[in-house]
Amino acid sequence: MTTIAFIGLGVMGGPMAANLVTAGFTVTGYNRSPEKVERLVAAGGRGAGSVTEAVAGADVVITMLPDSPDVRAVILGDDGVDGVLAAAAAGTVVVDMSTIRPDVARELAAAGAERGVPVLDAPVSGGEQGAVDATLSIMAGGDESAFNQVLPVLEALGSTVVHMGPAGAGQTVKAANQLIVAGTLELVAEALVFLDAHGVDRERAVTVLGGGLAGSAVLDRKGPAMLARDFAPGFRVDLHHKDLGIVTAAAREAGVVVPAGALVAQLMASLRAQGHGSLDHSALLLLVEQLSRPRP
């Protein structure tokens, strides 16, 4: 399979589609913003003016979109506009790499099965840099034979690619990932404010913490930017707020408690309510600083 339709060429999707071109695949991209399609064309891909045009003749269709309603609309169709399933030939494999609700992933897989078009949920972790470097961690759910068919495509996008189980399993693992990342970010923010309050050199502290049991990919990647107060978005507060809503809803559905997750979801919501939704999620530091600041 060498022909790929890529729908959603944003912060993550743009570099991912470009990496597929570099890997030798024929990639046709579609995005509502034409300038993003033009970037893919400049990188050696092809452009399309609609979902239907992008999907025509594709062996694999990849979607990388913001939220569950967007993915549902693009794959199933919306307001009289044909979606991916209507345009795809039987046997085409659809891979949704967005982060959406597990129940929606299962719904889309069932709809695809009715048309002979396997739909996999394969969300990613690694942020914008992982997308650029093709080092994403990819967690896939859905039909295993379809997963094996598209494995060479996924391996061109990530360094860790694992089939997690049936439809929705990939999104469930991604929800767990977002729970861990948000909780760790909050603790890093609290630790930095704590260190600062005691007059400790925070850069040296982050170095030594990173070499011990407290070390993590979150501390390594986000710690320096937090120290520099650089909150340019790699992964926006708005998106992590959405993802934590997925976590809390899925936990409630399963009858499990996530008390720390519920707390950090509220903190992320507060940060967003204060107008910081467009900042990187490491801006949780701003909220901890605000909560720790003595009243005048």
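The first residue in the sequence is number 1, and the count goes up from there.
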*Can you list the steps and then say if Asp82 with Thr52 is a side-chain hydrogen bond (donor to acceptor under 3.5 Å, both in side chains)?*
CA-CA 7 Å; Asp82 285 343; Thr52 299; 4.7 Å; no

Indicate the atoms forming the closest heavy-atom contact of [X] with [Y], along with that distance.
| X | Y | answer |
| --- | --- | --- |
| Tyr30 | Ala48 | CD1-O, 3.4 Å |
| Asp280 | Gly234 | OD1-N, 2.9 Å |
| Ala131 | Met16 | CB-CG, 3.9 Å |
| Ala265 | Thr248 | CB-CG2, 4.3 Å |
| Pro118 | Ala146 | CB-CB, 3.7 Å |
| Leu287 | Leu267 | CD2-O, 3.2 Å |

*asked:* Less than 4.0 angstrom from a charged side-chain N to a carboxylate O is my criterion; do Glu253 and Arg101 meet it?
replied: no

Same apolar cluster (I L V M F W Y, side chains within < 4.5 Å links), [X]/[Y]:
| X | Y | result |
| --- | --- | --- |
| Ile4 | Met12 | yes |
| Leu187 | Leu244 | no |
| Ile138 | Phe235 | no |
| Val93 | Val117 | no |
| Val119 | Val71 | yes |

*Is there a side-chain contact (heavy atoms from CB on, under 4.5 Å) between Leu219 and Thr184 once you walk through the steps?*
CA-CA 8 Å; Leu219 183 61; Thr184 306; over 6 Å; no

Pairwise side-chain contact, [X] with [Y], heavy-atom cut-off 4.5 Å (strictly under):
| X | Y | answer |
| --- | --- | --- |
| Met139 | Thr172 | no |
| Pro102 | Ile246 | yes |
| Met97 | Leu157 | yes |
| Val94 | Val55 | no |
| Val104 | Gln171 | no |
| Val61 | Thr92 | yes |
| Leu192 | Met226 | yes |

Donor-acceptor contact present, side-chain [X] to main-chain [Y], <3.5 Å:
| X | Y | answer |
| --- | --- | --- |
| Ser98 | Leu65 | yes |
| Ser159 | Thr135 | yes |
| Asn31 | Lys36 | no |

Could you give the distance from [atom1] ([X]) to [atom2] ([Y]), rounded to the nearest 0.5 Å?
| X | Y | atom1 | atom2 | result |
| --- | --- | --- | --- | --- |
| Met268 | His241 | CE | NE2 | 9.5 Å |
| Gln290 | Ser270 | CD | OG | 6.5 Å |
| Arg272 | Ser278 | CZ | OG | 11.0 Å |
| Ile100 | Ile75 | CD1 | CD1 | 7.0 Å |
| Glu144 | Gln149 | CD | CD | 12.0 Å |
| Met164 | Asp121 | CE | CG | 10.5 Å |

_So if I apply the side chain to side chain contact (heavy atoms under 4.5 Å, CB included) rule between His281 and each of Arg236, Gln178, Lys222, which one comes out positive?_
Lys222

*side-chain contact (heavy atoms from CB on, under 4.5 Å) assessment of Val181 paired with His240*: CA-CA 9 Å; Val181 170; His240 214 143; 3.8 Å; yes

*Can you establish whether the number of heavy atoms outside Glu203 located under 6.0 Å from its atom CD is more than 12?*
no

*asked:* A quick test of your reading: do over 12 heavy atoms of other residues, nucleotides or ligands sit less than 6.0 Å from CZ of Arg202?
replied: yes

*Of all pairs that satisfy ring pair (Phe, Tyr, Trp, His ring centres under 6.0 Å), the ones with a partner from residues 126-148, not counting sequence neighbours*: Phe147-His163

_side-chain contact (heavy atoms from CB on, under 4.5 Å) between Val60 and Val95, intermediate numbers included_ = CA-CA 7 Å; Val60 180; Val95 186; 4.2 Å; yes

*Would you please test Met64 and Val124 for side-chain contact (heavy atoms from CB on, under 4.5 Å) and show each step?*
CA-CA 10 Å; Met64 190 56 154; Val124 306; 3.7 Å; yes

*Test item: side-chain donor near acceptor, Asp243 and Thr99, under 3.5 Å*: no

